[in-house]
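First the structure, in the form of structure tokens, and then the observations on it.
Below, chain A is the first sequence line, B the second, and so on; all start at residue 1.
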Amino acid sequence: MRIAPLRPIHPTMNDTTTPAPESGPRYDFAAAEPKWQQAWAERACFRVDDVPTDGKPKYYVMEMFPYPSGKIHMGHVRNYTLGDVIARYKRARGFSVMHPMGWDAFGLPAENAARERGIHPAQWTYDNIAAMRVELQRMGLSLEWEREFATCQPEYYRHQQKLFLDFLRAGLVERKESWVNWDPVDGTVLANEQVIDGRGWRSGAPVEKKQLSQWFLSITKYAQELLDALDKLDRWPERVRLMQANWIGRSEGARLAFSLADSSDTVEVYTTRPDTLFGMSFLAIAPEHPIAAAVAARDPDAEKFVAECRSRGTSEATIETGEKLGYDTGLRVRHPFIEGATYPVWIANFVLMEYGTGAIFGCPAHDQRDLEFARKYGLDVIPVVLPPGADPASFTIAKEAYVGPGTAFNSGFLDGLDVDAAKRAVIQALEQKGVGKGLTNWRLRDWGVSRQRYWGCPIPIIHCSTHGAVPVPDDQLPVRLPDDVTFDRPGNPLDHHPTWKHVACPICGAPARRETDTFDTFVDSAWYFGRYCSPTADVPVVKAAVDHWMPVDQYIGGIEHAILHLLYARFFTRAMKDTGHISVEEPFAGLFTQGMVNHESYRSADDRWLYPEEVEKRPDGSVVLRETGEPVTVGRVEAMSKSRRNTIDPGAIIARYGADTARWFILSDNPPERDMEWTESGAAGAFRFTQRVFRLAEALDGARTEMMPDHFGPAGRTLRRATHRCIAAVTEALESFGFNVAVARLYELANAITDAERAAPEAGLAWARREAVETLARLSSPMMPHLAEEVYARLFPDNGHLVAELNWPEADPALLVAESVTIAVQVGGKLRGTIEVPPNAPAEVVLAAAEADSNVVKALEGKRIVKRVHVPNRIVNFVVAG
RNA sequence: GCGAGAGUGGCGGAACGGUAGACGCAGUCGACUCAAAAUCGACCGCCCUUCGGGCAUGGGGGUUCGAAUCCCCCCUCUCGCACCA
């Protein structure tokens, strides 16, 4: 597409000729967009104080900050456009809006780049940031760049180290020897949250179990709070709250100890069904359980079984088939209540060391997994819960365990109690006997934050042989990453560094070893929203600033962070509160999760993926290879990915159509929470609209009247109603994330202006058109901010204001009432005609007019009206009989 | 399996329980043009003969004067979780 050369943006006084629309000037976005971006920057339109004194209500809107991969993608465009619309709208509504941007800058890709291309991770990262900042700035986002920071800057991570030490002093940090998820490809530990289907979230490699000494943040101390507070997050999507609740995974049950038959040792189990204790037929322990290890040490077959379980882990085959595998240790345990009864102890692959105590008692009659296991290995199935109405003599378990309600039987002192009463009774009995107690269990584990990586925030600890793990004194922070590292061998470069880790113990001065692990990068993003409030302060957060701005009123990002990042941030905020840094508990009052940006994929005849630019769509509907004309197969519409080559480069779109077009299209296609499809035709359509808005403004040249006329003709009145209805409708749509609807309403206003252009000249019409075009520009300014400024500057060349500084238009209530209303007339619920009546006309008048409509008369022929329904200004329904 | 969400023209989608399909994309016809692009105008759910009807919001029931919308049952799709004891 060629863009015609432009005439000057601001017409001179002499330049009043209105060219014919066909040959009219085009909006030169390439000149206008940088100009307005500069104007906003010069006027500091988006600046706010750390602790404002302007008395305005505050509004903190923030999108998830990007990882500096080097290029922005369409997901970023959607994310930041959504946030920018809200920021600009709220500013116009009189809020003091903070809208910051930064960089989630630590992470593995920088190290990979270093390994593959010999670039230092810092160099690579800062280069990428520079490139991406330019791209974001081209989008015309109303960001306050003065608050920008990158998490890899010592000026940021030194405060993170301070927070960690404060958490440590507050008892929220532990060093634990524990089984960890080891990613053999990335050569590092993963948090539970980073293991997906038994594989590393980044590498996709099957995760191994390994025992390591690690730093843990005590997120489990907040499990109950994090769960309870979900109910109050009423501006979060229901499904995110649910995902978090499931992840936290509270369950009520009991912990009890079984004593081994031939020794004084005990095995602890956790159960949510203590009421089924009399239905027990075996005890099962996880392959990683200490008893399993002890058995394996003297029994080669057991050792073999345990090793098999470990190598298979939670991977493919076992999980998919759900096959239960077990090994009988030969050990037996005693029943706590049945004198003399003992049960076999099995090692079972379906028992997880990480959950509960790593051991269960098996009650096959009332647990499906236990039942499958029992059937496979010929263990007893003893029903102890009788379903309502069932006959105790004949009730048996076949292929389905019974997990419903009922009364206890075959259960000694529990007989006759319902499930809940039986649970209470058995817990009481266990407590009396001193072998168990009621216990709430959590699925949530403490957050392991140690990573064996270079490009991350150093953990500020020094290991001394006398004093153990010693915190680095606050006045020695930050612990800086050394620049001179090599990536020529696997493992952690910090550990390989010749001198960095050798330091003196802060307590005794003896030679000691610096902690060489760095923080999980999710730590970096767990508090950055707080840092934005006072980004240059010499403390992590300035309390007056965070207490003013927090919580974030609207946070926007992808659903993929529903658990990891959002849960960690919620935890961190609470921990910061408990260490005196901040007063709020919840970081994000409102959360919006956007859908993905998808695109068609294309394949050539020889089955290669093709880039959209390589493909041509012919007018006859065929799709061919642009260069050769060979046929192309159009594949599914799916998430943009490099491997499928169905990516669209935002930079190319902005260069071709301008930022406003990209923003407009990405908002207009569909509701923002759903996945959208980027189409070339849709983008071209959005571009046409930008040009059309510009032409509507151009067509006003020479039609300037400043005073609002006293009287308007019919066309003027119609247009003014359309204008003010549009204000009301767009406002409502923006308030409820209905951006696609807001766009539709603006198209309607543009159509109404076009109608008015064609109307016969009448008094006041020129003024009404001017009002309509001005309103169109101002209402579309959150979405197309540059075009809005351009149009506004043409309408008011001398008033010196930017749209970015104006208040939101107000609808005149008098113009929201129609001159006449169209009322649908139904006969027996079917539409038979419409009538025009004055608004709020009395029922008698409306009904009489309705009954007189010729088509209604016909429909009523031979029928008796049994009821007349009249909904004012809406509908009339004649209910008929016969 | 459990949980959540969604099913409306060729497509994306509108629609306080009140004229279903706003608006856009695609398409058809026309104007302008040597031509194309751009622009402008008209049409654009399906069926019946036009006036006018009939059928239509995944399927089946129900509530209601009136249901895309509320209730019940079923089907399909998407996403999340998943040996959690």
Contact letters for nucleotides 7-13 of chain B, in which S counts primed atoms plus P, OP1 and OP2 and B counts the base, heavy atoms under 4.0 Å:
-----SS
Which parts of nucleotides 50-57 of chain B does protein reach within less than 4.0 Å, heavy atoms only, written one letter per nucleotide 5' to 3' as B for base, S for sugar-phosphate only and - for none?
--SSSS--
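A:Ile563 places its CD1 atom 13 Å from the C1' atom of B:A4, with the value rounded to the nearest Å. A straight line from CZ of A:Phe665 to C1' of B:C23 spans 14 Å, rounded to a whole angstrom. Rounded to whole Å, the distance from CG on A:Asn751 to P on B:C40 is 10 Å. Put simply, CD1 on A:Ile666 is 16 Å from C1' on B:C25, counting in whole angstrom units. Distance, A:Tyr355 OH to B:C81 P: 17 Å, rounded to whole Å. Taking atom CD of A:Gln244 as the reference point, atom C1' of B:G80 lies 13 Å away to the nearest angstrom. Remark: C1' of B:G1 and CG of A:Asn246 are 14 Å apart, rounded to the nearest angstrom. Here B:C25 presents its P atom at 12 Å from CH2 of A:Trp664, a figure rounded to the nearest Å.
A:Tyr270 comes within 4.0 angstrom of a nucleotide base, judged by non-hydrogen atoms across all strands. A:Val743 comes within 4.0 angstrom of no nucleic acid atom, judged by non-hydrogen atoms across all strands.
The closest donor-acceptor contact from the side chain of A:Arg663 to the backbone of A:Arg78 lies at 3.5 Å or more, if one exists at all.
Sorted by first and then second residue, the pairs that involve residues 246-256 of chain A and meet salt bridge (Lys or Arg N to Asp or Glu O under 4.0 Å), not counting sequence neighbours, are A:Arg250-A:Glu252, A:Arg255-A:Glu268.
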Report all side-chain donor-acceptor pairs from residues 727-748 of chain A shorter than 3.5 Å, counting only partners two or more places apart or in another chain.
from	atom 1	to	atom 2	distance (Å)
A:Thr731	OG1	A:Ile727	O	2.6
A:Thr731	OG1	A:Trp808	NE1	2.9
A:Glu735	OE2	A:Tyr89	OH	2.7
A:Ser736	OG	A:Glu732	O	3.2
A:Ser736	OG	A:Ala733	O	3.3
A:Arg745	NH1	A:Glu748	OE1	3.3
A:Arg745	NH1	A:Glu748	OE2	3.2
A:Tyr747	OH	A:Trp664	NE1	3.4

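For A:Thr822, the side-chain atoms get nearest to B:U19 when compared with the rest of B:U19, B:C16, B:G24. For A:Arg239, the side-chain atoms get nearest to B:C79 when compared with the rest of B:C79, B:C84, B:G18. Between B:G18, B:C83, B:A26, one nucleotide has an atom nearer to the side chain of A:Ser681 than all others, and that is B:A26. Closest to the side chain of A:Ile360, out of B:C83, B:A82, B:A85, is B:A85. Residue A:Ala744 has its side chain nearest to B:C23 when only B:A85, B:C79, B:C23 are considered.
When all heavy atoms are compared, the tightest approach of A:Phe687 to A:Thr690 is O-OG1, 2.5 Å.
A search for side chain to side chain contact (heavy atoms under 4.5 Å, CB included) contacts involving A:Glu238 returns A:Arg241, A:Leu242, not counting sequence neighbours. Applying the ring pair (Phe, Tyr, Trp, His ring centres under 6.0 Å) test to A:Trp346 and every residue at least two apart in sequence or in another chain returns A:Phe373, A:Tyr377. Looking at residues two or more places apart in sequence or on another chain, you find a ring pair (Phe, Tyr, Trp, His ring centres under 6.0 Å) between A:Phe665 and A:Trp678. Taking A:Val817 as the reference, A:Pro839 meet the side chain to side chain contact (heavy atoms under 4.5 Å, CB included) condition, with sequence neighbours excluded. Under the side chain to side chain contact (heavy atoms under 4.5 Å, CB included) criterion, A:Pro872 pairs with A:His870, sequence neighbours left out.
For the pair A:Phe361 and A:Gly685, nearest-nucleotide mapping onto RNA chain B gives the more 5' position to A:Gly685. Heavy-atom distances to RNA chain B give each of A:Ala686 and A:Arg692 a nearest nucleotide, and the one nearer the 5′ end belongs to A:Ala686.
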Check the interface with nucleotides 64-68 of chain B: list each N/O to N/O pair with the protein under 3.5 Å, or write none.
from	atom 1	to	atom 2	distance (Å)
B:C65	O2'	A:Asn877	ND2	3.0
B:C65	O2	A:Asn877	ND2	2.7

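In RNA chain B, runs of at least 3 consecutive Watson-Crick or G-U pairs, each pair with both distances below 3.5 Å, span B:1-7 with B:75-81, B:10-12 with B:23-25, B:27-31 with B:39-43, B:45-48 with B:52-55, B:58-62 with B:70-74.
Of the residues in residues 272-286 of chain A, those placing a heavy atom less than 4.0 Å from an atom of RNA chain B are A:Thr272, A:Arg273, in numerical order.
Rounded to whole Å, the separation between the P atoms of B:U57 and B:A20 comes to 12 Å.
An OP1 or OP2 oxygen of B:A38 is reached within less than 4.0 angstrom by no side-chain nitrogen or oxygen of A:Arg695. Here A:Arg443 does not reach the OP1 or OP2 of B:A85: none of its side-chain N or O atoms lies under 4.0 Å away.
For NZ of A:Lys437, the number of neighbouring non-hydrogen atoms (other residues, nucleotides, ligands) closer than 6.0 Å is 12 at most.
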